[in-house]
Amino acid sequence: MKTKKLYETDGMLFSFRANIMETRETEKGYGIVLDQTAFFPEGGGQTADTGYIDDARVLDVQIVGGEIVHFVDRLPKEKEVSCRLDADERFRKMQNHLGEHLLCGAIHKLYGYENVGFHLGADYMTFDVSGPMTAEQIYEAELLANGAVAENAPVRCYYPENVSALDYRAKSEKLEDVSEIRIVEVEGFDRCACCAPHLDEAGKVGLIKIVDAMKYKGGMRFWALCGFDALADYDHRLTEIRKVSALLSAKPTEIAEAVKSKLDEIGELKKTVGALKRELNAMKLASIERTDENICIFDDSMDGNTMREFATGGMKKTSAVFAVFAGTDETGYQFVIGSEGIKLKARIPEFKSALGGKCGGSDKMLFGHADKSKAEIEAFFAR
Ligand SMILES: [Zn+2]
C-alpha cells in the first residue's frame, strides 16, 4: 500500500495521526513507512521535513524504491502513532518556496523566461531563470511578486483532469508523465507544476526579497529570502549598518559617502607615509659609510617594499653584500640581500644553509625568510 501524501492537499497540516505499516533497519538508522504522512520527503530541490513520530526524532525523509521512508533515531512502541512536524521550519520553507513561485511567475509574465533551477536549503534559497535581467528588471519582478502577496490570493494544489488544456509553468524535465503533474495555483497570478507542500494563501509568504543575483548559463541565478527569513536578514543587515554608522559617526542612510571619504583620506595618508619612508630610508643610508665588507642591518620598522628600496640604495655602499632583516628571533626574519659586485644566485645554497628558511631571486637581489637567530645571522655576515 502506498502512503497517502497529506502534504499534497494540506500544506498547513503540521500534526496528524498515522499507522506504522512497516519498519526497517538501515545504514541511516531505523526507517518507518506510514499509511499517511504530512512529512515532505526530500525532492524537487527542497530538503525533507523533520519532527517527531511519537517520541522518535524524524531526522530525514526520503523516497526509497517508491516508498516514503521516515528515518528516525528509535522505533515507537505503538503501531498507531501521533506525528508532528517542526512547524516553524516547514512554515519557513513554504514561505520561501511559494515566494519563489511568485518571483518566477512574475519574471515569466514580464519577460517570458522559464524557471530552470531551484534549491531550498537550511540557510538560503536559489533559483535560476533562462534569460538575462538588468537590476531594474529584477526590481520590477520583485515589485510584481510582492504585489501578489498583498493581493493575498488563495493557493490551490491539485492534479488536473486535463493537463493539456491547462496553461502552466514547468521545468522541462518534469513533463514526461502528465498523469503525475500536480499544479500549484496562486489564483489569478500563477500556475506551476510542483510536488512540494504549500501555504494556503499568498499573503502568508510575507516580504519577498532578492538579496543577490549573478549571470548564470545565459540566464540568471538569484538568491532570495521570504517571510521570517527576510525579516531576520533585514534585522542582521540593519545591525551591521548601525555598527558601521556608529564607527563612522555618520547617519545610517549616509554611510557609503562616509566610507568613500575615509578611503580618500587613507589614500592621501598612504602617499604621505610612502614619501616619509623614502625620506627616512635616504637618511638611514646617508649615515652608512662606504666599505668593502659585508653590511648587515636589522630594522623591524621596515615592510617588504621599504626593505627592497633600502637594499637598492644600500648595495651601492659596499663592494661585498648588503643585507637587511626585519623580524624577531621568535617569528624569524624577512630579508633582502643586494650586491653590485657579487653574483648572488650562485651563493643561494650558502645563504640557505647559513640563514635557514627560504631564499630566491636574481644575481643582484635575493629575497627570503630566515629561521636563524639575529646573533647567528650577524656572525655569518661578519666573516
Ligand atoms: Zn515549486
Side-chain angles (χ1 to χ4, degrees), residues 5-13 37-49 61-63 68 85 89-109 113-130 141-142 144-146 148-149 153-160 163 166-210 216 219-230:
K5 299 167 179 175
L6 300 172
Y7 58 81
E8 283 201 331
T9 44
D10 186 2
M12 299 302 289
L13 183 70
T37 187
F39 285 96
F40 177 66
E42 181 170 354
Q46 182 167 324
T47 51
D49 287 328
V61 187
Q62 296 285 334
I63 296 175
I68 300 171
L85 277 66
E89 177 66 12
R90 157 64 96 73
F91 193 78
R92 185 194 77 79
K93 284 180 186 170
M94 291 196 295
Q95 285 186 314
N96 281 295
H97 196 145
L98 194 60
E100 185 259 0
H101 280 222
L102 296 175
L103 277 169
C104 289
I107 290 168
H108 188 74
K109 268 181 206 297
Y113 298 150
E114 300 299 333
N115 170 219
V116 290
F118 175 64
H119 171 83
L120 176 53
D123 309 321
Y124 65 93
M125 171 171 75
T126 61
F127 65 95
D128 306 335
V129 299
S130 60
E142 228 176 34
L144 188 57
N146 279 283
V149 172
V155 178
R156 287 199 308 130
C157 304
Y158 57 94
Y159 287 92
V163 182
L166 212 59
D167 186 21
Y168 64 97
R169 297 186 299 108
K171 293 193 196 83
S172 54
E173 72 265 24
K174 288 194 175 166
L175 284 169
E176 281 162 21
D177 184 358
V178 288
S179 71
E180 289 287 300
I181 288 177
R182 174 172 170 266
I183 297 293
V184 174
E185 179 174 335
V186 180
E187 207 176 277
F189 190 80
D190 183 54
R191 254 187 235 119
C192 179
C194 179
C195 60
H198 277 278
L199 297 166
D200 53 354
E201 294 171 314
K204 286 179 180 156
V205 172
L207 174 65
I208 299 174
K209 187 78 194 101
I210 289 173
Y216 183 72
M220 301 295 294
R221 170 160 290 182
F222 293 110
W223 283 256
L225 295 166
C226 304
F228 289 113
D229 280 358

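Remember, it's 1-based here, ligands and their atoms both numbered in the order they're listed.
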Problem set entry | the Zn ion (ligand 1) - name of the N/O/S atom of H97 that sits closest to it | NE2
Exercise. Step by step, would you call F127 with L103 a side chain to side chain contact (heavy atoms under 4.5 Å, CB included)?
Worked result: CA-CA 10 Å; F127 65 95; L103 277 169; 3.8 Å; yes
Exercise. So, the side chain of R182 versus the backbone of E8: is there a donor-acceptor pair under 3.5 Å, distance only?
Worked result: yes
Exercise. Which atom, counting only N, O or S, brings H101 closest to the Zn ion (ligand 1)?
Worked result: NE2
Problem set entry | Contacts of type ring-ring contact (aromatic ring centres under 6.0 Å, His included), residue F118, not counting sequence neighbours | H97
For this session: Test side chain to side chain contact (heavy atoms under 4.5 Å, CB included) on M94 and K204 and set out the steps.
Result: CA-CA 9 Å; M94 291 196 295; K204 286 179 180 156; over 6 Å; no
For this session: Taking both backbone and side-chain atoms into account, decide whether C192 has an N/O/S atom under 2.8 Å from the Zn ion (ligand 1).
Result: no
Exercise. Short check: any N/O/S atom of C194 below 2.8 Å from the Zn ion (ligand 1)?
Worked result: yes
